[in-house]
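First comes the structure, then the notes that go with it.
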Amino acid sequence: MTLMLATAAAGLFGVGTYLLLQRKLSRIIIGLSLLTHGANILLITSSRRGDAPIIGAGGEERFADPLPQALALTAIVINFGVAMLLLALAYRSWILTHDDEVQDDVGDRGIAKSDVVHDEVADQQQVIAREETS
Amino acid sequence: MRWLGRLVLLVILWLLAWGEGTIGNVVSGVLVGAALLVAFPLTTRVDRFRLDLVAVAQLVGHVLVQLVSSNVQMTREILRRRPAVCPGVLAHRLRVPSEHVVTLMTSVIALSPGTMTIDVSDESDTIYVHFLFLYDEAAARRSLERLERLAARAINVQPEADSSSGAPPSSAPAPLDSPEAT
Amino acid sequence: MSWLVPLPIVLPLVGAAVSVLVGRSRSAQRVVGISVLATLVVVAVALLVEVDTNGTVVTEAGGWAGPMGITLVADRFAAILLVVAELTLFAVLVYAIGEPGAERNHVGFQSAYLVLAAGVAASFLTGDLFNLFVAFEMMLTASYVLLTLGGRHDQVRSGMTYVVISLIASTLFVTALAFVYSTTGTVNMADLAGRLEELPPGIRSALAVLLLVVFGIKAAIFPLFFWLPDSYPTAPSPITAVFAGLLTKVGVYAIVRTQLLLFPEETRPATLLLVLAACTMVVGVLGAIAQDDIRRILSFTIVSQIGYMIMGLGFFTVAAVAAVVFSIVHHIVVKTALFMIGGLVDHAAGSSRLSRIGGMVRTTPFLATLFLVSALSLAGIPPLSGFVSKFALIDAGFADRQYAVVATSIVVSLLTLFAMTRIWMGAFWSPPEEATVAPPPPNRSGGPVLMVVPTTVLVLCSLGVAAAAGPIYALSERAAEDLMDRHAYVAEVLGP
Amino acid sequence: MTAATMAMLTAAAALFTYRLCAGPSLADRVTALNGLVLVGMGGIATHAAHTGVGAYLPTLVAISLVGPIGNGMIARFIEERQT
Amino acid sequence: MTGELLALIGAALVLLSAVGVVRLSDVLARLHALAKASTLGILLLLAGAAINLHDLNDITSVVLAGVLHLLASPPASNMISRAAYLAADHDDMTDERADAEP
Amino acid sequence: MILLLAAFAVVGLALVAFGARLGRRAFLVGALPMAATAAWVATRLPDVTDGTTRHESVGWVGGLGLAVDLHLDGFATTMTLIVTVVGVAVLLYASRYFAPDARDLGRLAGLLVLFAGSMVGLVLADHVIVLYACWELTSITSFLLIGNRHDQARARAAALHALLVTGAGGLALLGGLVLLGQAAGTYRLEGILAAAPSGTAVTVALVLVLVGACTKSAQYPFHAWLPGAMAAPTPVSAYLHSATMVKAGVFLVARLAPVFATQAPWRPVVLAAGCATLVFGGLRALRQHDLKLLLAFGTVSQLGLMMVLFGAGTPATTTAGWVLLIAHAAFKCTLFMVVGVIDHQSGTRDIRKLPALRDGWRPLELVALLALVSMAGIPLGAGFVAKELSYEALDEATFLGHEVVLVAAIVGSMLTVAYATRFYTGAFAGPRRRAAGEPAPLPGETHRDPSPTTELSDPTLPIEPVDPVVVVKPRAHALTNTTAEVAVVDPDPAPPAPSFVAPAAALALVGVVLGVVPGLGDKLATVSLEDFRGSVPAVHLAVWHGFGAPLLYSALTLAGGFAIWAADRRVRPRLAWASKVPSGAEVYLAALRALGIVSTRVTGFVQNGSLPVYAGVIAATAAALPVAALLAGWDWPGWPRLGPKREAPVVIVLLTAALGAALVRKRFSAAIFLGVVGYAMAGLFVLSGAPDLALTQAAVETLSTVVFVLVLRNLPERFERQSTPGRRIGRLLIAAGVAAAVFVLALTSAGVRLGNPVSEEMVDRAVPDGHGRNVVNVILVDFRGFDTAAEITVLTVASIGAVALARAGRRRRDGEPVPAANTEEVRRLVFVDVSVRVVFHAVLMLSLWLLFAGHNQPGGGFVGGLLAGSAIALRYVAGGIDEVRGRARFRPWTVLGTGLLLSSSTVAAPLLFGGAVLESAVASLDLPLVGEVDVNSALAFDVGVYLVVIGMVLMAFEAFGEEPKEVAPR
Ligand code: NA
Ligand code: NA
């Protein structure tokens, strides 16, 4: 890890997070991609960097650690697949709404003003009120 | 036997990629290339051309000269205190319309700084070339004609009897048919 | 018997491939799916028996010994969860096939479902932290697909929330892995158990908390759970059922596994866990009370129940961890069953909103019974399995003198009971709303046979968990002892 | 001399980056992207020649192919937007 | 030495092209400028590298890259120039720095 | 005992499930297990009275100390007999009470049996958790029984009220019992009482247990649920809510009092609650017009007295309580049945509307009178014995405040006499007089019922139809559902059949017998007293206790009681304050309302449905918590070096482009910036010694850009500005926090590397064991091939999902993609077309080279597949989706499936040959001309990867490749 790469990773995370907190799915996708890039930088800098770990090309003692590379590669591939799925969501959203905006959940709307125990309270209020008049 | 030529090219590519001319590589190249050609056969219409090696060499020479001269010109322009360009578009109608000639021409045009293809007519008989320095329109036209000749010879193209591109264009596309200067 | 260990991962993968290839035939796909999962139920049971009698089974993928290669480790904890998971997956698959209109299921449904099964199994069995990430991704990607198959508007909307939040978790996971590798140079969990111990306390705690956050998102603990109630209810009911039952518990599994195995005692974030657990329980159950839709109520109770498990982990005693293991088993079965019942209600009444339905205790008395049993179990009413789970947690908590959080959990269980009675009264007792009188259900059992039978089987399983609570708790206790003994795990995997 | 080569490539990268940010049109940004890819190719080739390590040359081969593909794709859709 | 010189010239051309891309006033002119880098510049850089390399495999790779570049890049640049020309008086050309978020 | 409990469960469940077809006979079937239990207990009586306690135990959860421990001692015997004998009587009564064609009788009978089983289990429990379990089961069955008429909102609400109050108490009880058990080291009741633990935890535990007991036994201030529970059918009320279930709390207090009465919180709590309940219950009973409610409040009052007697815990008060327990069960159940009969025959139970009853009703009147005598504590009723004993015990007691308790008991008993008289005159004497020409309504009426003549035909209703004055909730079904069944009060009701009266008469006789020859109970009373207390002097129950203070108090009670009744007209209005004393009901309702408000507010606040908020909270948490943990024990490793200069330009380009992607307002521009970031990443990988990563990154980036652009071309060109400055600042703060956290964690973790990475072994073994020189590729396809197998599965599923989503609603029945109907010809550019044809095979050739060469140099299946995917992209560029579909001979699904099958089979196959999963095999072939060739099974795996990636790219074009004009919006 070098200061420069730590900065790069932090910067990618920062910008990625900024984009992630927006409402347009395309921006969110870009944000996630940036986050992934940041994470990959962290991965490849998590161990020794050096020459390409290909045996026979010489300099085995200066090899870069191959394992984080393999891990990062796997992560890249997985993110590629998932990004495609996210894009499909954006595409579908466009077909349905002509936008890729992430809408708020309708089920959560108005919960704060709803009266959930109305029935229970009202009915029992009635019973007690009857008792009073008896 | 078109596919044989293609196979040879593919095997050469294979050997270039492996970087070793071993028998194993040749054999595997032939196998892989053949498999590819079987899996994705060539289509009949467009892949009909023959390379004329001498003409190819002439074309390459022309391209190299063009490359150097246009690079020099471009460099001069870029480094001038106030870059002064004289852009314009020329429509060039091919003598012998052919998709391959068009492709080759546009590629060469693309490779030389100062020229670029803006469009090709649907019938593949007219190309529209954007010149950055269109000081001399006649010279520009001449160079395009020369390029067409060299290209046509290099791939030894025959006018295609069955192709729609053989017919002369009914009308030139409207917006791009004349040189324009800014 | 070590060849049994990879089967729950590999078989569904082969099945998924075959399923993709035979995509033209729904019935062929179903045969593949059913036979793979049926086999896996047997395999999982065999594995559990093997593990419980002869101890942890370790196998090395590719024959490469850990810590270099990926090891698959079936200990009691993993094997128990595997059995429950495969059983649930199997039951839900039957339910999904029995759902009317299942023949219109997308060609990708069965493949994605099998991949989900593989991902869940791999999450339980892997002994490698990076492989756990990959397993999670398998499971999650499949879940994204299953959640959005059909592409309805609400599915897309909730799919966005679900996928984006999950991807944040995945990215955090990779980040955590980078830090872990950076500090220790290994990703094998057994190896990590030894190496993390030597780290300076600051970075070690940071890693522990980071992993807690990563899995906490999946497990849906406060304040990381908000995505769950927005996304689960929109999926088709079988999908919701399997998500509700399994996926969060995979997160809990990962929390339990990583916190107990990877980190030494002095690193364990006990107080943090207890605070989060209390908040999770309370906010979750309040959310459940505030809802009108059965699936949303049930979704919030998932969150609330996760709080119980996290609380148990926060005690960090053998008894508490045993209680957590038992709770997970109980909760997977009951929650899946409840969501399946919710689907049946939806199917029979034409809606899952309490304000629109009613009177089902008469129209579908069998369904009412199934619901009542499951709901009371969830609320921890004795002698159902939920009670054993609740009692075990309370017992362990009081023994650990954690009175405040245990008291909270007791109050929450009352509120859970209230939330369940709201469903009972709204859907089953109250007269149906005239405006939305649904067509009478096809039969008294409340739905298509292939939907009702697996639901009933799961409810019976939950009763079985209660009846066999003794042996199951004893097993959980043995599993908890394994879990608390980090060095035994390390010795099993890496050799003494 | 390799250092000078690399320095010039770096300077070119800086200028292309400027154009990338400045735009103003999409075509300008694509041009800049193209330029950056070319700088990268040159950098890889020079680096390989300097160190004698050929490990990155397959990357070079791949970029020489896929770079233009990406550009072409973007160009196609810039154009599609106009019609 | 030859190789390094060729590479240096190539790099210089790439730099010049970059200067052009920055300095020239309209998009088509900038595209012309880029062609410098994408042809002679990169070819010289590759040639320089090929001369300096010793392993046959590596040399063939560099050659391969050059050939592929010559094959693939012209159609792509043609498409870009076509798009740029067609877009020239479209609002894609408007400066969007003006409305970028601060 | 366990067998009997099982019988209850089996019969109960069977009746619930199948009892419907039995009709009223279901109740008779239900009486069987009760009768059997009663008979069995009766046979055990000699043993019990000899002091033998029978124990039974079945293990349940050994690890938690849970077992079904039962014992049959004196008190358990007493309670079991009460529960079963009363139960048989109630079920016999019920079999006549309900109409033969009434609905749900099987369910009702089954629930009653289940309740009885729970209650028997409760009283037999020798394990506090078993006791708790049965306790909760009685709450649940009570809930279901109160809500029997669930069409009515009031019944539901009353059921819920009862459930929540008793459930809350139950949970308090559970907490208390666990604390108690842990303090005692056992959950066995006997063990706990033997250990007699003490301490703070036990004090808390006792308070909790008492709270539980008070809720169940309807003690002030938790009593309000009990009158509401009268919504249950009268037999249910008679059984659960007077004779048995409500005694559970008293029973528990009785069980624990011998040991814990002397501990600090016990007596103050119990006696205060009991006295308050005793007096207020009586006052409220006096004001009721509904006979059933009158009895209900009477029950509350009597439960208060029992609570006092048992809670005081002295042998004498306990004995008094024991007698009262039995007497109350007998007389209160009898009276409920009487009310039920009246209600059933006449259609009302309102004192003001009851018609005069003819002579045929005399037997019922006699039965009621016998029970009332007992209730009022008139000599020769069992209640008299109990009252005498109570007065005597309280008078002689020595605990603090016993005088106050005695006064409360006397006052409460006066009220009992008064409301007993009110019952008699209201039900029998009053109507007769009224019929004789005194129709004037009772004074002090505040009743505003506009339709006094109507009454619901359903005899189970405690109160009149909905009063419009108090209707709070105008929900449709609450009103409409019941109007069909309105009936008029029968002015001359037919007398009940003898069989209908018989069960009540039998119970009344029990009271008479106990009242006349109380000595019959001596032995059982003695052994009951000895439970947990050790031996006590034998108890002698008698009617005549000689002259003394108790007799005086009794006389005072009767005189005062009749006086109160006589002064009814003047006293009653003045007692109105009693019903205005805040009771638990208001608290319950307020709590429920508060719960509703809190739940909706909290949920509305945290669960606001907005993804950016969720993501922001998660990001902030993920940044803050680990850093906080880090700082708690921070060990700053020092600043690392800046890094090699050559990295600087790449990093600068990277960050600039990232910023550009964030700031730019056009989607396409953002995609281009993102592409630059990706290529810069590839550059970083080159500089980090990661050629495979660089190669992959470059290829992935290109294809990502292609797919991104394919989707973006549909979307609006620009992002509209929509966020407020506040939100933007919030985003910036979170983003900065995340960046800072990553920075700090990255530097800290980089500074503390321990030991050598495991990858050293990988480098060493790549060639000899992995048969490849490219270590990264060997890791991917061999050492960690398991990851890769999973990874391509992810790709497969993701592409399936993408196609499913993008083409949703455009599928044929079999789900195969269909070409869109209005496919528009893509304009072909000849130079692109020809170039692509020339290059296509070359690209595929190269992709295969990367695939095959990958094991020894950068490359591999994934990159190869991506390159082949680029060839597909080329075709797309040339001719659109039709070009891709037309020339690819293989369906995307097939390619995908084949690839996945190949890979997963390579993973699985070694298992068939006894190897480890994924174990690779290498075969050396000696081919002519070519020489020796190593064939590695890992290659097959890599080919699978290659195919999956190609399939995925094909799927991507399948998903997004159609021209936008083809896609119909909405
Ligand atoms: Na050019
Ligand atoms: Na309802």
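Here is how names work: the chains are called A, B, and so on, in the same order as the sequence lines, proteins then strands, and each is numbered from 1.
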What's the separation between atom [atom1] in [X] and atom [atom2] in [Y], rounded to the nearest 0.5 Å?
| X | Y | atom1 | atom2 | value |
| --- | --- | --- | --- | --- |
| F/F743 | A/L3 | CZ | CG | 5.0 Å |
| A/I95 | F/N714 | CD1 | CG | 7.5 Å |
| A/I30 | F/F673 | CD1 | CZ | 10.5 Å |
| A/L34 | F/M681 | CG | CE | 10.0 Å |
| A/Q22 | F/R731 | CD | CZ | 4.0 Å |
| A/L73 | F/T696 | CG | OG1 | 4.0 Å |

Which portion of [X] sits near chain A, non-hydrogen atoms under 4.5 angstrom:
| X | answer |
| --- | --- |
| F/L655 | side chain |
| F/A615 | both |
| F/V651 | side chain |
| F/F708 | both |
| F/V794 | side chain |
| F/L595 | neither |
| F/N608 | backbone |
| F/I779 | side chain |
| F/V949 | neither |
| F/R784 | side chain |
| F/A648 | both |
| F/N777 | neither |

Given the options [options], which has more heavy-atom pairs under 4.5 Å with chain A than any of the others?
| options | answer |
| --- | --- |
| F/S599, F/A619, F/G643 | F/G643 |
| F/N774, F/L703, F/L693 | F/L693 |
| F/D787, F/V738, F/L710 | F/V738 |
| F/L654, F/V602, F/N856, F/I652 | F/L654 |
| F/P612, F/G616, F/A798 | F/P612 |

Determine, step by step, whether F/S610 and A/R23 satisfy the side-chain hydrogen bond (donor to acceptor under 3.5 Å, both in side chains) criterion, reporting the C-alpha distance in whole Å, the side-chain angles of both residues, the deciding distance to 0.1 Å, and the verdict. CA-CA 9 Å; F/S610 165; A/R23 287 199 168 273; 3.0 Å; yes

Check whether [X] gets within reach of chain F through its side chain, its backbone, both or neither, counting any heavy atom under 4.5 Å.
| X | value |
| --- | --- |
| A/A83 | neither |
| A/I44 | side chain |
| A/T7 | both |
| A/V102 | side chain |
| A/Q103 | backbone |
| A/S26 | both |
| A/L19 | side chain |
| A/I41 | both |
| A/L42 | side chain |
| A/L71 | side chain |

Less than 4.5 Å apart, side chain to side chain, heavy atoms only: is that true for [X] and [Y]?
| X | Y | answer |
| --- | --- | --- |
| F/V763 | A/P53 | no |
| F/R667 | A/K24 | yes |
| A/S33 | F/L674 | yes |
| F/L715 | A/L25 | no |

Heavy-atom count around F/R601 CZ within 6.0 Å, excluding the residue itself: above 12? yes

Under 3.5 Å, side chain of F/R773 to main-chain N/O of A/I55, donor-acceptor pair present? yes

Counting only N and O atoms by type, is there a donor-acceptor contact under 3.5 Å from the side chain of A/Q69 to the main-chain atoms of F/G689? yes

Would you call A/R48 and F/E760 a salt bridge, taking side-chain N to carboxylate O under 4.0 Å as the test? no

Hey, mind stepping through A/D65 and F/S759 against side-chain hydrogen bond (donor to acceptor under 3.5 Å, both in side chains) and telling me if it holds? CA-CA 7 Å; A/D65 189 336; F/S759 52; 2.5 Å; yes

So A/F80 and F/M952, side chain to side chain contact (heavy atoms under 4.5 Å, CB included) or not? Walk me through it. CA-CA 10 Å; A/F80 177 49; F/M952 172 175 187; 4.0 Å; yes

Evaluate A/I54 against F/V775 for side chain to side chain contact (heavy atoms under 4.5 Å, CB included), listing each step before the verdict. CA-CA 6 Å; A/I54 292 170; F/V775 185; over 6 Å; no

